[in-house]
Amino acid sequence: MTTPRLLSMLTATLWVALATPALAGSYEKTPTGVLVRPDTGSVKELRVNAITESIIQVTGVDDPARKQLPSLMAIAQPSGRFSLKTGTDSVTLQAGKASAKVSLKDGRIQFFNAKGQPVLQSVSADLQPVTVEGQSFVAPSAQFNRGTREAFYGLGQHQDAQMNMNGEDVELRQHNMDIAIPFVVSDRNYGLLWDNNAVTRFGNPIRFGLASRDLQLTALDGSTGLTASYYVDDQLVLTRVEPDIRYQFLSDLRKHWPTDPRLSREATRGKKLKVVWAGTMASTKAGLHKMRLFGSDYFTLTVGGKTVFDKRQWRVRWNGWYNNFEQSFTPGKPVPLQLEWLPDGGLISLHHSDPEPAADKHSLRFASEAGTGLNYYFISGESMQGVIRGYQQVTGVPPMMPKWAYGFWQSRQRYKTQAELLGVLDTYRKNRWPLDNIVQDWLYWPEDQWGSHAFDPQRFPDPKGMVDEVHRKHARLMISIWGKFYANTEHYKELDAKGHMWRRNVELGMKDWVGPGYLNSHYSPYSQEARDIYYRQMKQRLVDLGIDAWWMDNTEPDVRSNSSPEEMAELTSPTQMGPGALVQNAYSTMSTKAMYDGLVRDQPNTRQFILSRSGFAGVQRHAAAVWSGDVGGTWDNFFKQISAGVQTGFSGVPNWTHDIGGYTQEGRFQDDSVQGLQENRVEAGKRTAEDLKEWRELNQRWWQFGTFSPLMRSHGEGVKREIHEISPEGSPMRANLLWFLELRYRLMPYIYTAAADSHFEGAPIMRGLALDFPGDAPARTIADQYLFGKSILVAPVTAYGATSREVYLPGKTAWYNAWTGEVLKGGMSRPVAAPLDQIPLFVKAGAIVPMGPVMQYVDETPDAPLTINVYTGADGRYSLYEDDGVTNGYTAGQFSRIPMAYDDKRGTLTIGPREGSYPGMVRSRSFKVRFLKAGDKTVDFEAPALSVTYAGEQLVVSARMAKP
């Protein structure tokens, strides 16, 4: 006989284990959420965890016994605060301001925001078995919101001028100029963080392939392939049919370059090479196809009789990149193709992707090449900025950077001697040109000692004295450090003895480009021991000198340039966590961790600054800024920097920069003064007067953009970039460079407050228009404008010879032209004058923008008067942030905020009581309040203003007090 108690227990067990009709899955409540075993699908167990009230984590496995790789990006832990609600065939985890409803039948999940509105619906999740280096793993993928019209932003930094990522295909694979962060934020105010360290694709999960994979290529003679014609000094040397345009990697050149001795490197040295491919392309699939031309050197592409890329398209030979375009195909109608390439040691290849159904194309999809399971985070917010803050709650809040980091950075590839570096600093100080930071790039070590971290005593006889002299002149020194080691160094040998060096590059006998070439490889930072050794080696030779900032170059890592993915996988494996393919994208996060953790341990009250060429989810928690890599100095590359910086901010990394003027330049921009661009590489050119004019204009326009970038940094190889080198004395160009440099320092109170907002609020410094105007349809796709901070709209000029450009003013607010004072309505585009000495700048009505005087360095006069610019026409609020700029006291509340509120109807600015304090704070200071109205120019820095003394108590300043 069954007792009532036993019956009750059986009933409860069935309810928890099944909770649904027969054939449905089951669930269990866990301390952190719920474990679901769906009835169907490759994901056998799903865990849904409440991280915060707005963040929900989902993990899934194909086999509960499979060991899971620990997350390298996430540091958040489940809160344990949630409730469960059961349905007939589902269970819902309610975290507070976000919830997830899981189907017990197939494991599909629907996510809801704080209002209970569905915003994200999973379509599928899959774990396909893959074998990596003979071991069993899975390739996770998931698709959401099929057929959606929402806008997506983020994914790191990409150089393709893409803004709204809905419908775009992005491969997340670290590269010299490409930063992979698997996080997107939607204009529906949610985000998705894909926790996987392997190569991942957003959008179409099928990787682009060489054109012949999907297309029918037909040569001029009707055979399969394309007709390839090779010329030397414009004389035809060879014609043949090739199956593809397929010179993407150095190994491709070795395999496929013609063996004709007339086309050998020796025979063509100093001569003009040209290759022309011609034929047709055809597809059986109608529609708009995505295509990419990977290229370096000069190339011209014509498709269907239209020029897609012209001869001004150029990238330095050793750092090619993709150029996206789209082409319509109609079955049975071949499309003519011609590509002309002027190879000078570079690479080129043509890639294609078949069109997808519109509903799949417009969905949110991630697919990774390898992993141990499914792992992602749903992040809900009240705004897109709130979602970015949620990303930082999962992966780490960016610390406050030192205030001096927002001053000007002068760099060069490279200062070859101690005297050269100090001489540049002296020149800036003698001319009273603002500068906070000077940079020592690579090869300060003896030529054959890369990785020794030792200065060459012949060229740098007194490194400690050099650092001290930089400090005596009120500047900071950043130095280039690498994860690369020559095999003959003691540091390589120590790391190798512990199993922390990737040996394969050395075993293959691969040498780099320095001098005669040296055997080299990189360390693997995927264990605490490896990171500890790396930092200790650095500390003994560099940290103890008092160096201020750390330039962690080549953190992709680029073990051997222009290697194929398969070759790179071989060179970066194994790691302390298994095959390199599993952690390929996370190198920068782990290597910056090595440096950051050591510095924090040794300098606990000093703010740190790291500049990393690559980035990954979590890199921002290591006081790391990122930059856009070794980009070419062309107008096209300049244009693409804007969206690259904006998307980096959307991706939760607020501190971003670029090489003003581009790292490399075309030979036509060089003269005989340019000799070795890098060791063992000479590329000096003979520029014309017109070339020089264009080069200077490019740099002047790029400098203007740099003024309104999170970090302002001048750097490059070849043509020197210092003000006195790149602009003639007494020239309008030099005057304009100095004017904008001084403007950067005038704006320092505004910039530093924006930096504080990035720490305290998750606010990007460089803000895509959609962030502040999510309901403005045109703003969703604009890729060449942004807000600098929350009030200043910037529209860089990226075309040679342009003296005006179209500017879109978003929203319903009014905008002040900073140059003319003209007030314009938002919500429309209009042509705006942009003479060479101006960049279009607009400020929102209601904005409150603090400015200071020009300084040589950011803390030269901390008690200097501030001008509070109030743009009338709308109410506005602002909170001025101040602290000591260098210590970590802010983490203990040692900072101040001065709240300000403008009431447009009354015409009054209320400066509220100061909130907080910090050691050394200026307690009483002069404010000059300027109420701007139509016709008032922001750039009239000496315009009349109302002077008041602020001692920390509330002040009310009225516009009526101003003299007419």
Side-chain angles (χ1 to χ4, degrees), residues 175-176 249-251 253-254 265 269 296 316-320 344-347 411-418 420-421 439-460 463 479-493 495-496 501-523 534 537-538 541-542 551-563 567-568 571-572 591 613-614 629-630 659 663-665 670 674-684 715-718 720:
H175 180 269
N176 182 306
F249 308 110
L250 290 177
S251 56
L253 288 173
R254 292 192 293 268
R265 179 178 298 180
R269 184 173 288 116
S296 55
V316 68
R317 68 188 187 204
W318 49 267
N319 202 25
D344 186 21
L347 300 161
S411 184
R412 181 198 297 175
Q413 195 296 100
R414 58 190 163 81
Y415 298 120
K416 295 183 179 180
T417 67
Q418 175 177 327
E420 203 170 67
L421 181 144
V439 184
Q440 179 58 55
D441 201 349
W442 72 309
L443 208 56
Y444 47 86
W445 51 81
E447 182 186 272
D448 65 347
Q449 291 291 296
W450 199 326
S452 67
H453 313 319
F455 284 89
D456 182 346
Q458 300 302 314
R459 295 179 291 117
F460 296 85
I479 196 163
S480 171
I481 59 175
W482 297 61
K484 174 179 174 177
F485 297 84
Y486 281 171
N488 65 330
T489 63
E490 293 304 314
H491 288 165
Y492 177 101
K493 294 173 183 177
L495 285 161
D496 186 51
M501 286 299 308
W502 286 322
R503 295 178 174 175
R504 188 59 178 154
N505 205 50
V506 174
E507 292 171 346
L508 292 172
M510 304 304 295
K511 298 181 179 181
D512 66 7
W513 65 94
V514 178
Y518 298 93
L519 294 174
N520 68 95
S521 193
H522 286 60
Y523 91 113
Y534 178 76
Q537 293 175 347
M538 204 75 64
R541 295 285 176 86
L542 296 176
W551 181 2
M552 302 189 74
D553 208 339
N554 193 18
T555 48
E556 300 87 62
D558 187 16
V559 177
R560 191 196 311 153
S561 296
N562 298 308
S563 296
E567 292 169 320
M568 194 62 72
L571 299 176
T572 57
S591 196
R613 191 165 80 185
S614 186
D630 298 334
D659 296 355
Y663 179 70
T664 61
Q665 68 275 164
Q670 303 167 9
V674 178
Q675 297 176 1
L677 297 183
Q678 286 189 9
E679 305 311 299
N680 213 25
R681 206 172 84 225
V682 179
E683 298 181 19
H715 177 69
E717 70 168 359
K720 296 174 183 177

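Keep in mind the model is a prediction, meaning the values are calculated, not measured.
- Side-chain contact between Glu717 and Thr664 is present, with heavy atoms from C-beta onward closer than 4.5 Å.
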Tyr523 vs Ser591, side chain to side chain donor-acceptor pair (under 3.5 Å): CA-CA, chis, key distance, verdict: CA-CA 9 Å; Tyr523 91 113; Ser591 196; 3.1 Å; yes

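- Residues Tyr492 and Asn520 are not in side-chain contact: their nearest non-hydrogen atoms beyond the backbone lie 4.5 Å or more apart.
- Under the side chain to side chain contact (heavy atoms under 4.5 Å, CB included) criterion, Ile479 pairs with Gln440, Tyr444, Phe455, Ile481, Leu542, Ile547, Trp550, not counting sequence neighbours.
- Annotation: side chain of Leu508 is in contact with side chain of Arg560 (closest heavy-atom distance under 4.5 Å).
- The backbone N or O of Lys720 lies less than 3.5 Å from no partner atom in the side chain of Arg412, so there is not a single donor-acceptor pair.
- Residues Asn319 and Tyr663 fail the side-chain proximity criterion, which asks for heavy atoms closer than 4.5 Å.
- Considering only residues two or more places apart in sequence or on other chains, Arg503 meets the salt bridge (Lys or Arg N to Asp or Glu O under 4.0 Å) condition with Asp496.
- When each of Leu519, Leu571, Asp512 is tested with Asn505 by the rule side-chain contact (heavy atoms from CB on, under 4.5 Å), just one qualifies, namely Leu571.
- In this structure the side chain of Val506 never reaches within 4.5 angstrom of the side chain of Phe485, judged on heavy atoms.
- Residues satisfying the ring-ring contact (aromatic ring centres under 6.0 Å, His included) criterion with Tyr486, sequence neighbours excluded, are Trp450, Tyr518.
- At least one side-chain heavy atom of Gln449 sits less than 4.5 Å from a side-chain heavy atom of Asn488.
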Test log, rule salt bridge (Lys or Arg N to Asp or Glu O under 4.0 Å), inputs Arg613 and Asp630: CA-CA 9 Å; Arg613 191 165 80 185; Asp630 298 334; 3.3 Å; yes

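- His522 pairs in a side chain to side chain donor-acceptor pair (under 3.5 Å) with only one of the listed residues (Asn554, Asp558, Thr572), which is Asn554.
- Checked against ring-ring contact (aromatic ring centres under 6.0 Å, His included), His491 has the following partners two or more places apart in sequence or in another chain: His453.
- By the 4.5 Å heavy-atom criterion applied to side chains, Trp442 and Asp553 are not counted as neighbours.
- Legend: salt bridge (Lys or Arg N to Asp or Glu O under 4.0 Å) pairs involving residues 448-457, not counting sequence neighbours, sorted by first then second residue: Asp456-Arg459.
- Residues Trp445 and Thr489 form no side-chain contact, since every pair of their non-hydrogen atoms from C-beta on lies 4.5 Å or further apart.
- Listed by chain and number, the residues in a salt bridge (Lys or Arg N to Asp or Glu O under 4.0 Å) with Arg504 are Glu507, Glu570 (sequence neighbours excluded).
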